Structures are given as C-alpha cells and as structure tokens.
> 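Got a structure for you, questions after.
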Amino acid sequence: MTTPESLTFRSDVTVELVKSSASDADVLFAARVSTVGEQSLDELKKDPERSKGLINYLMRDRHGSPFEHNSMTFFISAPIFVFREFMRHRVGWSYNEESGRYRELQPVFYVPGEDRKLVQQGRPGKYVFVEGTPAQQETVRGTLEESYEQAYAAYQKLLAEGVAREVARAALPVGLFSSMYATCNARSLMHFLGLRTQHELAKVPSFPQREIEMVGEQMEARWAELMPLTYAAFNANGRVAP
C-alpha cells in the first residue's frame, strides 16, 4: 500500500529530442526540385542569402509542402490532461504513449507551481488568468495532494485484489504523469506552436493552457536549433504555419 511519502509531486514537464532528420536544407531540396531538379548540398550552400530568401518566400506565401520533408521525435513527460489536448493535433503527428493496460502506473502527479496563474476572469472567448492568493495556492496544493493520495491508494487496492490493470487505472486522475513519443515534421510542429504558445510576434492570438504551452516552448527551442532559417521565417511571418 502506498504512503504519502511514496508519491512524487511535480510542477514541471520534460521534453527530450531523441531523434531527428531535420534541417533547412530539407526544405530547399524539396522546393527546388520543382524548378531545377535534383541539387547537391554544395549547390545549396553556394548562395546562402538566396536560400534564406526562398524559405521566407515559401513561408510568406504559404507553400507548405516543402516543410514536410523532415522528421523530429520527442520524448515527453507531462500530465495526462496535457496529452489529451496534444492529441487534438492529428495531421503530421504520430504518438505512442505508455500504457496503463500493460504496466503499473507510477505515483507521479502534477501540482501547479507558485508561478502558475490560478484564477480565470471574464467570459468564454474573452478572459484572462490572474495570480491566485497565497490561500488559494495552499488550497490547490493541499487538495490535489490529498486527492492524489486517495486515488493512488484506491488503484493499489484494486491491483492487490487481483483486478486487471486496465480496470484499476480507472481510479486514477488526469493529473497523473504519463510519457510518450511524439513524431512530427516542421509544418505540423508550426501548426502546433501557432495554437499552443503565446508569442509577441504572432499575428493570430492564442490562449493555450499553460501546461501544454510549457511543452510547446521546449519543443520550439529544440526545433529552432535544427532549422534556424525556417524558424526565423516562421517568426518573421507572424508565426502562421504555411
């Protein structure tokens, strides 16, 4: 039987780029084959300003298919409710998540950090989140931790009685941490970032839940290192995916 000391409470998420085949050259190869045929990497390097201009043109005029010829695989650890939002993104994405049917789920749960805004003000479609009071922060933390302890104890009780893992997991809340591999290309990632992050350069405002934005920010940082010209063009053109 679990004890309160055996539970882990986290306020962060983690994102690891585990595999990638993605560079600005992938965009250039794909775009130029329609006009000049196959080119070598040396030819692409001859005129870097022209390459930069081509990528910006493709982004600006929304010629999207050249941004699909690459791949990035991320290993993500986050609360289950983040993954349920994540999987609204289906085009250009592949997912494999850890299974509560085949393994015993570990007692790691999400509790918002002190910097997480807690109070929603305004009506749907026109609202903001503001800081919670110290009392609200304490209530959130204490209530969630107590709820998690009870839920995980119920889960372990069912397992101890011989109930199948796929049934026993019904006792667990969406604040439980899960992990998954998520594979995408640059175009699908740009669509994700346009919706799931707030940014001063965005032409179209977005209002993501903070926890999925935390994942998006880490994915964005890793992608920016892989494809700096594409990333710069994304920002220069209002963070609208082509």
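If you're wondering where the values come from, they're calculated on a predicted model, not measured in any experiment.
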> Is there a chain of hydrophobic side chains (I, L, V, M, F, W, Y, each step under 4.5 Å between heavy atoms) that links Met87 to Met214?
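Hydrophobic grouping puts Met87 with Met214.
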
> Restricting to side-chain contact (heavy atoms from CB on, under 4.5 Å), what partner residues turn up for Arg116, sequence neighbours left out?
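By the side-chain contact (heavy atoms from CB on, under 4.5 Å) rule, Arg116 matches Tyr110, Pro112, Phe129, Gln209, Arg210, Glu211.
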
> Not counting sequence neighbours, which residues clear side-chain contact (heavy atoms from CB on, under 4.5 Å) with Val128? List them please.
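For Val128, the residues satisfying side-chain contact (heavy atoms from CB on, under 4.5 Å) (neighbours in sequence not counted) are Gln121, Val130.
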
> Indicate every side-chain donor-acceptor pair of residues 55-62 with a distance under 3.5 Å to a residue at least two apart or in another chain.
residue	atom	partner	partner atom	Å
Asn56	OD1	Asn237	ND2	3.0
Tyr57	OH	His63	NE2	3.2
Arg62	NE	Ala241	O	3.3
Arg62	NH2	Ala241	O	2.8

> Restricting to side-chain hydrogen bond (donor to acceptor under 3.5 Å, both in side chains), what partner residues turn up for Glu138, sequence neighbours left out?
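Expected list: Arg141.
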
> Just jot down the side-chain hydrogen bond (donor to acceptor under 3.5 Å, both in side chains) partners of His199, sequence neighbours excluded, or say none.
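So His199 forms no side-chain hydrogen bond (donor to acceptor under 3.5 Å, both in side chains) with any residue.
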
> Could you name each residue pair satisfying side chain to side chain donor-acceptor pair (under 3.5 Å) that touches residues 164-176, not counting sequence neighbours?
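Matches after skipping sequence neighbours: Arg101-Glu166.
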
> Could you list the residues that satisfy ring-ring contact (aromatic ring centres under 6.0 Å, His included) with Phe74, not counting sequence neighbours?
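With sequence neighbours excluded, Phe74 shows a ring-ring contact (aromatic ring centres under 6.0 Å, His included) to no residue whatsoever.
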
> Name all residues meeting the side-chain hydrogen bond (donor to acceptor under 3.5 Å, both in side chains) criterion together with Ser65; count only those two or more places apart in sequence or in a different chain, and write none if there are none.
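Partners of Ser65 by the side-chain hydrogen bond (donor to acceptor under 3.5 Å, both in side chains) criterion come out as none, since no residue qualifies.
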
> Tell me every residue that passes side-chain contact (heavy atoms from CB on, under 4.5 Å) with Gln150, counting only those two or more places apart in sequence or in another chain.
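Residues passing side-chain contact (heavy atoms from CB on, under 4.5 Å) with Gln150: Glu146.
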
> Tell me every residue that passes ring-ring contact (aromatic ring centres under 6.0 Å, His included) with Phe86, counting only those two or more places apart in sequence or in another chain.
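With sequence neighbours excluded, Phe86 shows a ring-ring contact (aromatic ring centres under 6.0 Å, His included) to Trp93, Tyr95, Phe192, given in chain and number order.
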
> Any salt bridge between Arg239 and Glu200, counting N to O under 4.0 Å?
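Looking at Arg239 and Glu200, the cut-off is not met.
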
> List for me each residue that meets side-chain contact (heavy atoms from CB on, under 4.5 Å) alongside Ser21, sequence neighbours excluded, and say none if there are none.
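Ser21 satisfies side-chain contact (heavy atoms from CB on, under 4.5 Å) with no other residue.
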
> Run the side-chain hydrogen bond (donor to acceptor under 3.5 Å, both in side chains) test against Asn96 and tell me which residues pass, sequence neighbours left out.
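Per chain and number, Asn96 pairs via side-chain hydrogen bond (donor to acceptor under 3.5 Å, both in side chains) with no residue.
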
